[in-house]
Every structure is written in C-alpha cells, then in structure tokens.
Amino acid sequence: MELILAIVIGALYAAGLYLMMRRNLVKLIIGLVLLSQAANLLIFTAAGLRSPNAPLIPPGEKYPVGDFADPLPQALILTAIVIGFGVIAFTLVLFHRAYQSTGTDDLDQMKATDT
Amino acid sequence: MLIAVLLLFALALAAPLIDRAAGRWTGAVLALGPLAAFLIIARWLPDVAAGETITQVHAWADALDIRLSFYLDGLSLMFALLISGIGTLIVFYAGTYLEGDPRRGRFYAWLLIFMASMLGLVLADNIISMFIFWELTSVSSYFLIGYDHHRESARKSALQAMLVTGGGGLALLAGLIMLGVAAGSMEVSQIINEGEVLREHAWYLPIVILVFAGCFTKSAQFPFHFWLPNAMEAPTPVSAYLHSSTMVKAGVYLLARLNPALGATDVWLYTLVIFGGVTMLVGAYLAIRQVYLKKILAYSTVSALGVLVFLTGLSNVDSPEAAQYAGKAFAVFLLAHALYKATLFLVAGTITHETGEKDVTKLGGLRRKMPLTALAAALAGASMAGLPPFFGFLGKELLLDTTVKNPDWMLPLTIAAGVAGFLFVIVALLIAVKPFWGALKETAQHPHEAPFAMWFGPALLGSLSLLFGLFLNPLARPIIEPTASAVMGVPQEVKLALWHGINLPLMISVAAVVLGILAFLGLPIISRILKPFDALNRIGPERGYYALFNGTLKLASFQTRLLQSGYLRVYLFITITMSVGLIGWQILQLDVLPIVDQFREIEVVPFVIENLYTLIVAALILIGTFGAVHSRSRLSAIASLGVVGYGVALIYIIHGAPDLAITQFLIETLTVILFVLVFYHLPQFPRISSVPARVRDLVVSVAAGVMMTVLVLIATNLETEKISDYFAENSYELGQGRNIVNVILVDFRSMDTLGEIVVLVIAAVGVLALLKLKPPREQERKNNPHEADGREEAS
C-alpha cells in the first residue's frame with residue numbers, strides 16, 4: 001500500500017519540479033500546486049498508514065478504541081493545506097498583476113522588464 | 001562591577017538626548033558617567049592591593065556555561081581604572097573638541113558603548129562574555145574610526161580595522177572555546193589555575209596559535225600592525241583613547257591574563273619575545289619616519305605594544321630574577337605608557353585644533369601661545385623619553401634590567417631594548433619639543449591657549465606621569481604589585497625605586513638619551529639618508545591585506561556570475577541537482593536490500609484485490625498529473641489539477657483522515673475556481689523551451705521523483721517512537737475533545753494554528769493590495785508624454 005503511494009508521490013514531485021523549471025509562469029504555478037500536494041502526501045505516507053479508522057474517541061470512552069490512524073500528521077497536513085491555499089491564492093493574484101503590467105507570461109521576458 | 005558596565009551602556013543610549021539638552025556642558029555632564037565607574041572600581045583598590053581577588057556572578061545561560069561573571073584582580077583593576085579614568089578625561093575633552101559638530105551626540109553614544117564594552121572585556125570572568133565584549137569593542141571602534149564617514153579614507157580605515165581585528169576575533173573565539181573545554185571551565189579565575197593541565201593538553205598548540213591570532217591582530221603586532229596608523233582617521237580624542245589605554249591594549253590584556261595559564265612553554269616565550277621585539281623595533285623606526293603628529297604617535301604606540309608583548313613573553317624565562325623583573329616592568333610600562341600616550345595624543349589634537357596644522361615640521365614656537373599645553377606635553381614627553389624622575393624612566397629601566405638579567409640572548413635583547421629606548425627619545429622630542437620650541441612658525445589659524453577642557457586632561461595626565469615617579473611606593477605600588485602578581489600568576493613582592501645604582505641599564509639609558517637628542521637635532525639629515533628605504537613600505541604586510549581583500553571580492557563576483565544567473569529555472573535546476581546528488585549519494589550508502597526484499601514477496605493478485613481502491617485512485621492521480629504536465633490548453637490543465645486534488649482527497653478518506661479529505665475537497669474547489677478566473681483570458685501555452693532543454697529537465701525531475709519515492713519507502717520502514725500516542729491518550733482528559741486531530745490543532749499545537757491564521761491574513765492582505773493597486777501607467781506615459789502630462793494637470 002505504501003508502495004503505491006510512494007510511486008504516486010514520486011510522480012507528483014517529478015511533475016511538479018518539471019513544471020517549475022518551465023519558462024511559462026502559468027506552468028510554474030501549476031507545478032507549485034502539484035508540489036504542495038506531493039508534500040502533503042509525503043507527510044501522510046511517511047508517518048505510516050496504520051489504520052483506515054479515523055482518530056476519534058467514541059462517545060462514552062476516554063481513549064480511542066482499537067486501532068486508528070495517526071492523528072499528528074493529519075494535524076500537520078491540515079495546516080499545510082490551508083497555508084498552501086494561501087500561497088497559491090497570493091501567487092495567482094501576483095501573476096495576474098504581473099501579467100497586466102508586463103503583458104507576458106514568459107519568465108525570461110519578465111526578467112528584462114523593469115515595470 | 002555590573003553596575004559600572006551597565007551604567008555606561010545606559011549613558012550611551014541617553015547620550016544623544018543629553019547632548020541636545022546640555023549644549024556646551026555635554027562633555028562635563030557625560031564625563032560624570034565614567035567618573036562614577038572609576039570610583040565604583042577604585043573602591044576595591046585597597047582589597048586588591050592587599051592581594052585579594054573579587055568575583056561576582058550573574059546568571060545568564062548557565063546550561064551553556066555562559067555567565068555574566070566578573071573577576072577583579074590586579075590586572076583587571078589596573079585596566080579598569082585606566083579605561084574609566086582616562087575615559088573621563090577623554091569625554092570631557094571631546095565635548096570641547098567637537099563643539100558645534102551636529103553629530104556629537106551620536107559620537108558620544110558610540111564612545112560610551114565602546115568604553116562600556118572595554119570595561120566589560122577587562123572585568124569579565126567568563127570567557128564567552130569576555131569575547132562578546134571583545135567583539136563589541138571591534139564594532140563600536142568601527143563607528144568611531146569611521147566617524148568622518150564622508151571621507152573615503154576614513155571609511156576604508158574603519159573597515160580595515162574591523163576586518164583585521166574581527167578576523168582575529170573569529171580565531172580567538174575558536175581558541176577560547178577550546179581553552180574552556182581543555183581547562184574544564186569557562187571562568188578565567190579557574191582557567192589561570194589550570195596551567196599544568198593546559199600545557200600537557202593535546203590542544204595546547206592550536207589554542208595558543210588561535211589566541212595569538214586574536215591578540216596580535218587586536219594589539220597591532222607585526223605583521224598586523226598596519227591597521228593602527230590607518231585608524232588615525234578617527235577624531236583625535238578617539239585616537240587618544242583607543243591607542244593609549246583601550247582597544248589595542250585588549251590583546252595585551254588577554255595575553256597577560258592567560259600568561260599564567262598558557263605561559264612557561266617555549267612556544268609561548270619565543271613567539272611573544274620575537275613578535276613583540278620585532279614590533280617594538282619596526283614601530284619605533286616607522287614612527288621617526290613620519291611627519292604627521294598623529295602618525296608619529298600611532299607608530300610609537302605600535303612600538304609600545306611590542307614592548308608589552310615582549311615583556312609578557314620574558315616573564316616566562318628560566319631565570320626567576322629576570323622573570324620577576326619582566327612582570328614588574330610590564331605593569332610599570334603599561335601604566336606609564338597609558339599616561340604619557342594619552343597626554344601626547346590629546347596635545348597633538350589640541351595643536352591641530354588650534355593651528356589647523358598636522359605636519360610637525362611646519363610647527364614651532366607654540367609654547368608662548370599655549371603655555372599650559374606645552375607644559376603638559378613636556379611632562380609626558382619627559383616620561384616617554386625616560387628621564388628621571390618621571391614614571392616612564394622606571395619603565396625603561398625595568399625593561400633594560402629584564403634583558404640584562406636574562407642570561408639567554410642577553411646581548412640581542414638588550415640591544416633591541418636600548419635601540420627602542422633611543423628611538424622613543426626621538427619620538428618624544430618630535431612631539432613634545434618640536435612644535436613648542438624654536439621660532440614661531442606661521443600656521444593657517446592663529447593659535448591660542450586651548451579652552452579649559454582641552455588642557456585640563458593632558459595637564460592632569462602629564463602631572464601624574466611625574467607624581468607616580470616621585471611617589472613610587474605610596475602611589476604606584478598598590479596597583480603595580482597586584483598587576484605584576486596577576487601577570488606572573490603568583491603573588492609578587494614589588495619594591496620600586498628610581499635609583500638602582502650606577503649599572504648597565506642606567507648607562508644604556510644615558511647613552512639612549514644623549515644619542516636621541518643628537519639624532520633629533522640631525523633628523524633632517526638622517527631623514528634624507530633613510531628616505532630611499534621608504535620604498536620598502538610598499539612591500540609591507542598591508543599589501544597582503546589588500547591582496548586578500550580584493551581577492552575575496554573577485555571570488556565573490558566570480559561565483560555570483562557563475563551561480564546567480566537571474567533565471568528561476570537555473571536556480572531550481574542547480575538546487576534540484578545538488579539535492580538529488582547529495583541525498584541520492586546518502587541513500588546509496590544505506591542498506592536498502594530489506595526494503596526491496598519486502599516487495600519481492602508481494603503476490604500480484606491478492607495485492608491488487610486488497611488495495612483496489614487505492615490503486616484506482618492512484619491511477620486517477622497519475623492520469624491527472626500527466627494531463628497537467630502535458631496539456632496545451634490552460635483549462636484542461638486546470639481540470640487535470642482538479643482531478644489530482646480530488647484524488648488526493650480520496651486517498652485521505654481511504655486512510656482514515658476524513659477531516660483532511662473535507663478540507664482538501666473545499667480547498668481544491670476554491671483553487672480550481674481561482675485558477676479559472678485568473679487564467680481564463682490567457683492564450684494557449686506556447687512551447688518556448690527547446691527539446692534538449694525539456695529532455696534535460698525531464699531527466700532531472702524524474703530523478704528527483706525516484707529519489708522521493710525511495711525516501712518514502714525508507715521512511716515507512718523506520719522503527720521510531722511515535723509522539724502521537726501522547727495526543728491520543730490525553731485528547732479527552734486534557735483537551736476535552738473526541739476528535740484528536742482537532743484537539744491537536746486548537747489545543748496542543750494551538751500556537752501553530754495561530755501562526756497559520758496569521759499567514760492567511762497576510763496572504764489575504766497581499767491579495768487585496770495587489771488587486772486594489774492600479775496598473776502603473778509608465779508604459780503609456782513613455783509612449784505619449786504629452787497626454788500623460790495633460791492628464792496629470794487635469795487631475
């Protein structure tokens with residue numbers, strides 16, 4: 001099971017990094033999204049896939065019963081997803097403004113303009 | 001002691017305000033600070049004279065063995081009194097010297113920070129806090145030397161002083177830490193008792209070399225002496241202060257401080273004697289080759305520092321008598337030099353202040369115009385030249401006594417000391433006699449006697465040079481004896497007397513004075529003879545400094561050109577290749593066979609059945625990923641991105657993370673909407689990269705992907721203790737919640753969540769600001785300037 005997810009993570013990383021090395025700014029942003037998905041899955045998988053049961057404490061109990069998924073990576077990823085969205089939203093708007101100002105989405109041409 | 005140091009730091013902060021409020025009384029008001037520090041320290045003089053030492057400890061970072069602890073013995077007392085005492089007069093003097101300068105408040109702030117750091121340096125017991133003070137003196141002296149920052153030479157000299165002493169400081173830090181570890185204590189008061197352990201320690205040699213590097217650069221020993229004369233760019237009160245009793249004496253202080261701990265070995269003895277001796281002679285020779293007042297004094301300071309290092313070395317010779325003389329001579333010369341050098345620097349400052357002239361050959365006859373300054377100069381000059389009954393006489397006699405009493409190398413060392421004495425006579429005459437006697441020479445300004453604040457300090461210090469000489473045992477002995485004891489590491493009994501009978505040192509002294517006067521009278525002729533040798537200066541060590549300096553700049557611009565192309569994809573390429581290379585190399589070192597074996601055991605059909613859902617979702621994600629990379633239409637790329645995101649959410653559901661899945665679904669939807677809104681108007685992706693570039697990037701990114709896959713597999717096979725069980729066990733009892741993930745977020749790690757919210761707010765503000773900003777109209781304005789002007793007028 002980890003093997004499958006490991007391959008998915010590898011593919012997401014490869015695709016994300018490949019896109020980030022493109023000259024086109026749009027592709028760079030898409031790459032960034034793929035990369036953050038990959039990172040979240042990485043944390044999720046690397047912590048170990050212990051159980052399909054959610055880490056909840058049943059009513060009337062003080063401790064979780066039986067086996068349950070690791071709650072800590074979930075808490076970390078939850079934070080990461082939200083922050084990732086903040087970053088993507090900012091990047092998109094920044095791109096929007098840059099495109100308005102420079103009229104190009106080619107990073108190499110942006111480098112030459114001072115606007 | 002903490003109070004004295006903190007008082008000066010606090011005063012430094014207040015200095016600009018006081019300067020504004022007190023006007024012309026600023027110097028007098030601020031001088032009260034160092035004066036108070038002087039009195040606080042002087043309170044311990046009777047105790048220290050009786051042979052006691054005082055230790056005060058204030059907690060700081062105890063776990064790291066860093067404490068704000070202070071240690072007062074003869075050596076630190078001597079230095080502390082010089083720093084605060086001379087500091088008082090300097091502060092007083094500078095108020096008038098810089099009268100009318102709008103930057104005087106800032107000047108005082110830096111001067112007082114420097115003074116406080118210097119005081120902390122000599123009083124500190126903990127070597128780490130001492131090092132912090134040491135660095136603070138380097139930093140604050142940078143601002144003092146570069147005070148006239150509108151002149152390039154001042155900036156350059158300040159930087160040079162900072163780089164040379166700061167570079168040495170780095171070596172010193174390493175040396176001090178090793179010293180502390182080797183001695184088993186970070187406190188100076190303990191380290192000086194660990195001499196035997198240290199000398200036998202395997203690290204002895206590296207420690208000594210690193211300490212030398214720090215001290216020789218700070219105290220301007222040959223070949224690092226070049227920064228000191230350049231530092232004369234500072235205003236004269238600063239030069240007087242830095243070079244009589246503080247900054248450059250810090251290295252001497254540390255050598256003397258560690259003398260009992262690291263001394264008594266051949267390395268220590270020979271290095272100090274040779275470097276000190278060479279510095280003593282080179283400095284004195286270069287001093288008489290100068291014509292500017294301050295440069296003459298600067299080189300003579302280099303020489304005096306050489307004498308002190310020389311004497312520190314000699315206090316380790318085999319002959320006990322010679323060693324004792326060296327310790328005594330060190331203490332006496334230290335005090336004598338501080339007194340006369342501060343006086344002469346201040347006199348030089350007064351002369352230039354009154355006449356506008358720096359060149360000593362263009363000065364003469366000032367004694368009638370400035371009698372009090374002339375008197376102060378004469379007193380200090382006599383002490384420097386080593387005339388009885390001045391205190392400097394005793395310093396020179398003891399120096400010669402040391403070299404004469406020492407059976408090894410007696411002849412060369414005595415000759416060196418005698419020659420230095422002879423050159424000192426010439427320097428003293430150049431500064432104290434040449435400008436004041438003879439016919440009055442015309443100068444740019446008409447000289448008057450200096451104001452009270454500017455003759456008071458020099459006159460007081462000059463008189464002390466005489467008083468200490470006249471009343472040796474009541475005045476000088478209480479401080480000389482404990483200082484010599486601290487340098488030697490064993491209590492010393494010191495008897496001071498000017499008259500030692502008619503002996504070899506006295507005859508050498510007389511010869512030095514007579515020859516010195518003759519040479520002074522014939523100096524114009526001697527200068528002409530020596531002139532061709534000045535070419536040697538050009539191959540001096542300063543060339544090495546500039547070669548290193550420019551070399552570093554060239555290296556920096558070379559590697560900037562190499563690495564900083566300005567293209568994001570090149571940076572990413574370099575970063576990814578380096579990471580894959582380094583991490584991949586590490587992975588190859590690991591034994592990954594067990595992991596591979598584990599997968600060999602997998603039987604295909606049961607595996608597929610067992611993981612059917614995961615496999616389907618994984619296939620979905622892979623298809624989406626391929627689409628995102630390959631698609632040439634923006635909308636289909638965004639749609640593929642959505643597929644990937646929902647796929648990931650499904651994986652979260654399958655593996656017991658419903659909270660994640662919900663968040664992921666929501667966020668993914670929002671992201672896709674945002675993408676469509678922003679990208680809707682854009683044209684198709686053009687293919688702009690060449691095929692080889694794309695293949696190259698593909699290879700690199702696939703390599704990175706494979707590496708990540710392997711890393712995940714290694715990570716999942718690690719047996720580690722999990723901290724999450726703690727959260728699971730305490731979620732209900734401590735956090736009152738049944739959803740463990742939520743309890744972690746809002747309770748156990750709530751500060752993280754707060755940080756997350758802050759990030760989101762910042763991002764939102766950024767988005768808002770970018771959307772609200774009007775697109776710049778420069779482009780239009782450039783194309784059509786008239787129209788733009790018109791619009792501006794209309795608005």
Side-chain angles (χ1 to χ4, degrees), chain A residues 1-4 6-15 17-21 23-24 26 30 33-34 37 41-42 45-46 48-49 51-57 62-64 69-72 74-75 77-79 81-83 85-86 88-90 92-94 96-97 100-101 106-107 111 115, chain B residues 566 568-569 572-573 576 599 611 614-615 618 621-622 625 628-629 637 641 644 648 655-658 660 663-664 667 671 674 678 685 688-689 697-698 701-702 704-706 708-709 712-713 715-716 724 727-729 732 738-741 744-745 752 756 759-760 763 766-767 770-771 775-776 778:
Chain A
M1 185 156 26
E2 279 92 350
L3 179 65
I4 307 167
I7 292 168
V8 170
I9 292 166
L12 282 172
Y13 264 106
L17 292 174
Y18 176 78
L19 285 175
M20 286 183 77
M21 281 191 283
R23 263 169 74 175
N24 189 298
V26 178
I30 294 176
V33 177
L34 289 179
Q37 303 282 21
L41 268 186
L42 173 71
T45 315
L49 304 170
S51 159
N53 299 325
L56 298 170
I57 301 172
K62 284 188 171 176
Y63 307 104
D70 193 341
L72 187 61
Q74 296 192 19
I77 296 167
L78 207 57
T79 310
I81 293 175
V82 178
I83 290 191
F85 173 70
I88 295 296
F90 183 78
L92 278 173
V93 178
L94 188 66
H96 182 66
R97 286 288 292 112
Q100 275 184 338
S101 296
D106 182 355
L107 277 168
K111 184 175 177 269
T115 42
Chain B
L568 181 65
R569 59 177 187 280
L572 278 172
F573 184 80
I576 297 168
F599 295 123
N611 295 304
T614 311
L615 276 174
I621 295 177
L622 290 179
T625 310
V629 174
L641 211 53
V644 174
V648 171
H655 294 285
L660 287 189
T663 319
Q664 178 75 27
I667 295 287
T671 309
L674 205 60
V678 172
F685 291 125
I688 38 186
S689 305
D697 293 346
L698 194 67
S701 37
V702 166
V706 170
M708 292 313 294
T709 303
V712 173
L713 291 175
T716 49
S724 31
F727 297 123
E729 278 159 26
Y732 185 71
R738 297 190 180 278
N739 185 331
I740 303 173
V741 177
I744 293 176
L745 282 173
D752 287 1
E756 171 198 343
V759 171
L760 274 190
V767 167
L770 281 172
L771 290 176
E778 270 88 350

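Small disclaimer: the values here were computed from a predicted structure and weren't measured. Naming: A, B, ... by sequence-line order, numbering from 1 per chain. Values reported hereafter were calculated over all heavy atoms of this structure, with side chains retained and with hydrogens, waters and symmetry mates removed.
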Proximity breakdown for A:Leu49 and chain B, heavy-atom pairs closer than 4.5 Å: side chain
Distance-minimising heavy-atom pair for A:Tyr18 and B:Ser701: CB-OG, 3.3 Å
Minimum heavy-atom distance between A:Ala75 and B:Leu745, given as atom pair plus value: O-CD2, 3.6 Å
Atom pair NE2/CG of B:His655 and A:Asp70 - distance to nearest 0.5 Å: 14.0 Å
Atom group of B:Phe727 that falls short of 4.5 Å from chain A, counting heavy atoms: side chain
Interface moiety of A:Val33 toward chain B, non-hydrogen atoms closer than 4.5 Å: side chain
Portion of A:Leu19 that has a non-hydrogen atom of chain B nearer than 4.5 angstrom: side chain
Part of B:Val648 lying under 4.5 Å from any heavy atom of chain A: side chain
Closest heavy-atom pair and its distance - B:Thr709, A:Ile7: CG2-N, 3.9 Å
Which of B:Gly766, B:Pro658, B:Ala657 touches chain A most, by non-hydrogen pairs under 4.5 Å: B:Ala657
Part of B:Val759 within contact of chain A (heavy atom distance under 4.5 Å): side chain
Segment of B:Ile621 engaging chain A (4.5 angstrom heavy-atom cut-off): side chain
Residue part contacting chain A, namely of B:Leu568, when any heavy atom lies under 4.5 Å: side chain
Greatest number of heavy atom pairs closer than 4.5 Å to chain B - which of A:Gln37, A:Met20, A:Met21: A:Met21
Minimum heavy-atom distance between A:Gly86 and B:Leu760, given as atom pair plus value: CA-CD2, 3.9 Å
Positive for side chain to side chain contact (heavy atoms under 4.5 Å, CB included) with A:Leu3, one of B:Val712, B:Leu713, B:Thr716: B:Leu713
Region of B:Leu622 that comes under 4.5 Å of a non-hydrogen atom in chain A: side chain
Polar side-chain atom of A:Gln74 near backbone of B:Ile740 as donor-acceptor pair, under 3.5 Å: no
Residues in ring pair (Phe, Tyr, Trp, His ring centres under 6.0 Å) contact with A:Tyr13, at least two apart in sequence or another chain: none
Top contributor to chain A interface from B:Asp697, B:Val706, B:Val644 [non-hydrogen pairs under 4.5 Å]: B:Asp697
Heavy-atom contact with chain B under 4.5 Å, split by part of A:Ser51: backbone
Heavy-atom proximity to chain A below 4.5 Å, by part of B:Leu674: both
Pairs of heavy atoms under 4.5 Å with chain A: top-ranked of B:Leu660, B:Ile744, B:Val678, B:Val767: B:Leu660
Side-chain heavy atoms of B:Asp752 within contact of A:Thr79, under 4.5 Å: no
Sub-4.5 Å side-chain heavy-atom contact between B:Leu770 and A:Leu94: yes
Which of A:Asn53, A:Leu42, A:Ile4, A:Val8 touches chain B most, by non-hydrogen pairs under 4.5 Å: A:Ile4
Closest approach of B:Glu729 to A:Tyr63 (non-hydrogen atoms, all atoms of both residues): O-CE2, 3.1 Å
Smallest separation among heavy atoms of B:Tyr732 and A:Lys62, with atom names: CB-O, 3.4 Å
Leading residue by heavy atom contact count with chain B [cutoff under 4.5 Å; candidates A:Ala69, A:Ala89, A:Pro71]: A:Pro71
Pick from B:Arg738, B:Arg569, B:Met708 with the largest number of heavy-atom pairs that fall under 4.5 Å of chain A: B:Arg738
